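The structure appears below as structure tokens.
A quick note: this is a predicted structure, and the numbers were derived from the prediction, not measured.
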Amino acid sequence: MKIFRMAPMCTMIRIITLVLLALPVLFVLSAVFGRALFIAPTILLVAVYSWVWLRFRPTQFVVHQDALEVIWPLKRQQISRASISDIRIVNGRDLKPQVGRGMRVGAGGLWGGFGWLWTQRRGIVQMYISRVNDLVWIERTAGRPWLISPERPQEFAQALSSSQSVAAQPAVPADDPASRARPEPGR
């Protein structure tokens, strides 16, 4: 069993998170200084932020002999290693050619992006990321692919693929001509 925490936030997500965390503080200060109108939005924001932290943002990815366990503060989910057909490291900028345009459905900006990522070419992808580079794409034989950001992504991919015939490899867009098998000379 190997445990990998959620990767630290990249600078862009850290800045967005700090701005979003300032909102409830500003609302409380506005309420204290005579704008009672901001009390209800403050309570709503704190409830939403708590829900994102407790139910949307995973804290750990645990690689077991027969499963990948994803742990949130209030829930756990297991993915059978037998259902994993491919594991590869991808960067955010390389995803668009592979998956097409995307739209997040869930939480985004506060501590990362969590929930579903609807994509033009791949449909819905489970997404739990705290940075935009060094992401791990997990392809499954049955079920949606997963896009996650564990700490030490190379080591994570190697640990997850170690007892399978799958090897961690750099992502190559499916429609990239270089990824297609070339005929041998003389055939």
Legend entry - Pairs meeting criterion side-chain hydrogen bond (donor to acceptor under 3.5 Å, both in side chains) with involvement of residues 8-20, two or more places apart: none
Inset, instruction - Give the minimum heavy-atom separation between Ile13 and Gly112, together with the two atoms involved. - result: CG2-N, 3.5 Å
Legend entry - Heavy-atom pair of closest approach, residues Val132 and Met12: CG1-CE, 3.5 Å
Inset, instruction - Can you measure from CZ (Arg152) to CG (Asp134) and round to the nearest 0.5 angstrom? - result: 13.0 Å
Legend entry - Residue pair Val90 / Leu147, side-chain heavy-atom distance below 4.5 Å: yes
Inset, instruction - Would you kindly confirm whether Val62 and Phe4 end up in one hydrophobic cluster when ILVMFWY residues are joined by side chain heavy atoms under 4.5 Å apart? - result: no
Legend entry - Side-chain (Gln77) to main-chain (Val70) donor-acceptor, under 3.5 angstrom: no
Inset, instruction - Could you name each residue pair satisfying ring pair (Phe, Tyr, Trp, His ring centres under 6.0 Å) that touches residues 63-114, not counting sequence neighbours? - result: Trp53-Trp111, Trp72-Tyr128
Inset, instruction - Identify the heavy atoms of Gly106 and Phe56 that sit nearest to each other, and give their distance. - result: CA-CE2, 4.2 Å
Inset, instruction - Please check if the side chain of Gln120 supplies one atom and the backbone of Arg101 the other of a donor-acceptor pair under 3.5 Å. - result: yes
Inset, instruction - Calculate, to the nearest 0.5 Å, the distance between atoms CZ and CG belonging to Arg144 and Leu117 respectively. - result: 11.5 Å
Inset, instruction - First locate atom CG of Leu110, then atom CE of Met9, and finally report the distance between them rounded to the nearest 0.5 Å. - result: 8.5 Å
Legend entry - Exam field: side chain Ser83 to backbone Ala142, donor-acceptor pair closer than 3.5 Å: no
Legend entry - CG on Asn133 to CD1 on Ile89, rounded to 0.5 Å: 11.5 Å
Legend entry - Interatomic distance, Arg81 atom CZ to Ile87 atom CD1 [nearest 0.5 angstrom]: 7.5 Å
Inset, instruction - Find out whether Gln126 and Trp116 are in side-chain contact, i.e. whether some heavy atom of one side chain is under 4.5 Å from a heavy atom of the other. - result: yes
Inset, instruction - For the pair Arg121 (side chain) and Pro97 (backbone), establish whether a donor and an acceptor sit closer than 3.5 Å, ignoring hydrogens and angles. - result: yes
Inset, instruction - Quick one: closest heavy-atom pair of Pro8 and Arg131, and the distance? - result: O-CB, 4.1 Å
Legend entry - Worked verdict on Leu23 versus Tyr49 for side-chain contact (heavy atoms from CB on, under 4.5 Å): CA-CA 11 Å; Leu23 288 178; Tyr49 288 13; 4.0 Å; yes
Legend entry - Same apolar cluster: Ile71 and Phe156, side chain cutoff 4.5 Å: no
Legend entry - Heavy-atom pair with the smallest gap, counting every atom of Arg57 and Ala7: NH2-O, 4.5 Å
Inset, instruction - Report whether Ile43 and Val25 are members of the same hydrophobic cluster (ILVMFWY, side-chain heavy atoms less than 4.5 Å apart, transitive linking). - result: no
Inset, instruction - Group every Ile, Leu, Val, Met, Phe, Trp and Tyr by side-chain heavy-atom contacts under 4.5 Å, then state whether Val99 and Trp118 land in the same group. - result: no
Inset, instruction - Considering non-hydrogen atoms only, spot the tightest contact between Lys75 and Arg55 and give its length. - result: CE-O, 3.3 Å
Inset, instruction - Quick one: pull up CD1 in Ile84 and CG in Leu160 and give me the separation to the nearest 0.5 Å. - result: 4.0 Å
Legend entry - Cluster link Met6 to Ile79, ILVMFWY, side chain under 4.5 Å: yes
Inset, instruction - Would you check if Lys2 and Gln158 make a side-chain contact, meaning some heavy-atom pair closer than 4.5 Å? - result: no
